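Working notes for the structure below.
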2 protein chains.
Amino acid sequence: MAVTIADIAREAGVSIATVSRVINNTKPVSSDLKNRVFDIIEKNNFKPNELARGLITKKTNIIGVIVPDISNSVFGALIKGINIVCSKKGYTLMVTESGGDINNEIKLLDVLADKKIDGILFAGINVNHKLITEMQTKDYPVILVTQEASDGEGIMDTVVHDNIKAVYDATKFLIDNGHKRIAYIGGPKIDYSSGKKRLKGYKLALEDAKIKLIDSLIEQGEFSFQAGYLGMKKMYEENSVLPTAVVTGSDIIAMGVIQFLTGAGVNVPDDISVIGFDDLEFSTYFKPELSTVRISYFDEGAIAANELIKIIDGENITPQTHYVPHKIIRRSTIKNIN
Amino acid sequence: MAVTIADIAREAGVSIATVSRVINNTKPVSSDLKNRVFDIIEKNNFKPNELARGLITKKTNIIGVIVPDISNSVFGALIKGINIVCSKKGYTLMVTESGGDINNEIKLLDVLADKKIDGILFAGINVNHKLITEMQTKDYPVILVTQEASDGEGIMDTVVHDNIKAVYDATKFLIDNGHKRIAYIGGPKIDYSSGKKRLKGYKLALEDAKIKLIDSLIEQGEFSFQAGYLGMKKMYEENSVLPTAVVTGSDIIAMGVIQFLTGAGVNVPDDISVIGFDDLEFSTYFKPELSTVRISYFDEGAIAANELIKIIDGENITPQTHYVPHKIIRRSTIKNIN
DNA sequence: TTCTCCTTGGAAAAGGTTTTCCTATCTGTT
DNA sequence: AACAGATAGGAAAACCTTTTCCAAGGAGAA
């Protein structure tokens, strides 16, 4: 049988209340007594039962995390960032996987609620209105990370990278390197998804540079190697004149694109330049080494966790969107054709 | 205020005990009454407080996970496998990261105990005697995964791949392809670590094929790209006659090896064949496509989780080591020189 | 000296369940 | 008709804390 606070109280010859006060330092106790109690606690290796404690304090020091895919390295980095700050501040993580399915996400919101978590960090694929209203009925704080809410700006506290700006910068980087005929192969066209935002960044950059948009130079599909390969293949077959550069929605897509190109006898970067997105650890090892937009999902996680803990601690914070900076990383897949 | 079981009892005009029985189906209740209570529960969206419940049943339906590195894709796959079966069986995961540090691991064992988890899945780097004894003082079951205990075979229930056999097979595969001068570049030489086991598999295979061991063809270091690169570099510089094939301790190491080789003008696989270990998703995208030993960390996680839940459910299981099968995957980095 | 206020500590309620005893009713058997 | 045994439900203890309310004693002020 585990030792309880009552055992300590008995052995110290004081009341249970006093022991509790010593532990939590919640009311003055004479230092003599305090030391005696501490010694007895130490000796018996007593640890307060966190279930009993949570039952009354309504705090568990557990933070829930919902991600679409645990084994995806993007979310691996995110969770690592979250964990670094949470563990430092005495929180433990409850990690769940939604598969990106909204019904699953809603269910997980409840599963975690039942565990009495203190708050949730939510990484969704498509954070739509239904999801938002669902979150707002809960009695714990939720912070969006990785992905903004589809509408209702300013309602949810959010930590993301600026998808529009990032792809804008990537595209502009290619333009600055002399490219004019620039293709885009990106993620799915779900409303308000990051895929859509990234496409917008691409369009904006072309617009600002007064470059005309060519529909046949835009492909959208999954965030996968396969989709990159197929997207590039389609574009290759349907266009008599190829682009000189392609902006992609992720490193994985970029790799698929390059795979096709190389197989088709098109040299990267001599014939076509390619830029990825994310900067996976692996992108350095890829041949040719992938130029990309570096996103620190680790930082996103850390910042979001910090923000959530502030809210849990009762700081009154007005919801806002925090942008974590991105950075263009030049490696071997971009050629300056100026 | 959340609705409690007392509220339901009052509204139904029955005792709290009855409501509890209806919920848990723990004693016969007339079906009329049962339906009435269920309706009221539904209407009020009542969910039993899991803290209060856990306090008395001593069960939380939480499983703790300890891994060295959350963002490492090996552990990502492991956790995904664990989660698939746990979530299906009504358990939620509490994931923690140890950094592979033993003191941290010991601390986490307690942190999770304080959360009253029902059991732990432990993936360590070096599961030594100290750790084992520590685990055995706890009042929850622990299953080792990914990594066996250093000594005391048969004490801990364990789910791993057979490191010795896997590298043995990899080495033998090269031998069968006509190679005789085979190098090994693997993980660190910590006692009882997987690195050491893999080296043993390599040695055994050579021995069985009556091939003499050459010390200068063995390098051990971190499980990293860098270490692979440097290990191969050292070997390249110190040996006047190069190996025709190299067995590596991981895909990442293999990539480092190939990177160096390619840079030094040595062609893979024409001049030197290389085999990796793990079969990361990425190894297909690597150029040349990496031959490797496929380990399913996903399966390891799933099997281990199943095993743990059995134990939690009270099945009396004698500790044993479960081996999940591996598989040689031939891609483009091995040449048959027969 | 008397009164007030602060300090230290205890008793018991509260938090929300499950479970152990009981009791009363009903069914079926002889 | 009488009795055993099954069935249905309630009261209260138990799980282990924190916290509220109260009391006693001591210090300082008038």
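Chain identifiers are assigned alphabetically (A, B, ...) following the order of the sequence lines, protein sequences preceding nucleic acid strands; residue numbering begins at 1 within each chain. These numbers come from a predicted model, not from an experiment. Keep in mind that the numbers below use all heavy atoms, side chains included, and drop hydrogens, waters and symmetry copies.
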Exercise. Under 4.0 Å between a side-chain N or O of B:S20 and OP1 or OP2 of C:dT19?
Worked result: no

Problem set entry | Student check: side-chain heavy atoms of B:L131 and B:F122 closer than 4.5 Å | yes

Exercise. How long is the line joining CG of A:D32 and P of C:dT7, in whole Å?
Worked result: 18 Å

For this session: Take atom CD of A:E50 and atom P of D:dC15, then tell me their distance rounded to the nearest Å.
Result: 19 Å

Exercise. Which whole-number value in Å describes the distance from B:I23 CD1 to C:dT18 P?
Worked result: 6 Å

Exercise. Reckon A:N24 has a side-chain N or O less than 4.0 Å from the OP1 or OP2 of D:dT18?
Worked result: yes

For this session: Among D:dA12, D:dG9, D:dC21, find the nucleotide with the atom closest to the side chain of B:V29.
Result: D:dG9

For this session: Among C:dT17, D:dC16, D:dC21, find the nucleotide with the atom closest to the side chain of A:T4.
Result: D:dC16

Exercise. Hey, which of these two, A:K27 or A:F46, hits DNA chain D nearer its 5' end, going by closest nucleotide?
Worked result: A:F46

Exercise. Of the candidate nucleotides D:dC15, C:dT19, C:dT17, which contains the atom at the shortest distance from the side chain of B:L55?
Worked result: D:dC15

Exercise. With respect to the phosphate group of C:dT18, does any side-chain polar atom (N or O) of B:T57 fall under 4.0 Å of OP1 or OP2?
Worked result: no

For this session: Find the distance A:L33:CG to C:dT8:P and express it as a whole number of Å.
Result: 10 Å

Could you tabulate the donor-acceptor pairs under 3.5 Å formed by side-chain atoms of residues 29-41 of chain A, not counting sequence neighbours?
| from | atom 1 | to | atom 2 | distance (Å) |
| --- | --- | --- | --- | --- |
| A:N35 | ND2 | A:S31 | O | 3.2 |
| A:R36 | NH2 | A:A12 | O | 2.5 |

For this session: List for me each residue that meets ring pair (Phe, Tyr, Trp, His ring centres under 6.0 Å) alongside A:F223, sequence neighbours excluded, and say none if there are none.
Result: none

Problem set entry | Heavy-atom donor-acceptor pair, A:K58 side-chain to C:dG15 base, under 3.5 Å | no

For this session: Have a look at B:K47 and say if it touches a base, only the backbone sugar-phosphate, or nothing, with a 4.0 Å heavy-atom cut-off.
Result: sugar-phosphate

Exercise. Whole-Å distance between D:dC16 C1' and B:K115 NZ?
Worked result: 16 Å

Problem set entry | Pairing of B:D7 and B:R10 as salt bridge, 4.0 angstrom limit | yes

Problem set entry | Gap between atoms CD1 and P, on A:I5 and C:dG10 respectively (whole Å) | 12 Å

Exercise. A:I56 CD1 to C:dG16 P: how many Å, rounded?
Worked result: 10 Å

Exercise. Considering residues, nucleotides and ligands other than B:K138, do more than 12 of their heavy atoms fall under 6.0 Å from its NZ?
Worked result: yes

Exercise. Is there a donor N/O on one and an acceptor N/O on the other, under 3.5 Å, for the side chain of A:R21 and the base of D:dT20?
Worked result: yes

Exercise. Nearest to the side chain of B:A17, which nucleotide is it out of D:dT17, C:dT17, D:dA12?
Worked result: D:dA12

Exercise. Can you check the A:I16 CD1 to D:dA14 C1' distance for me, whole Å?
Worked result: 13 Å

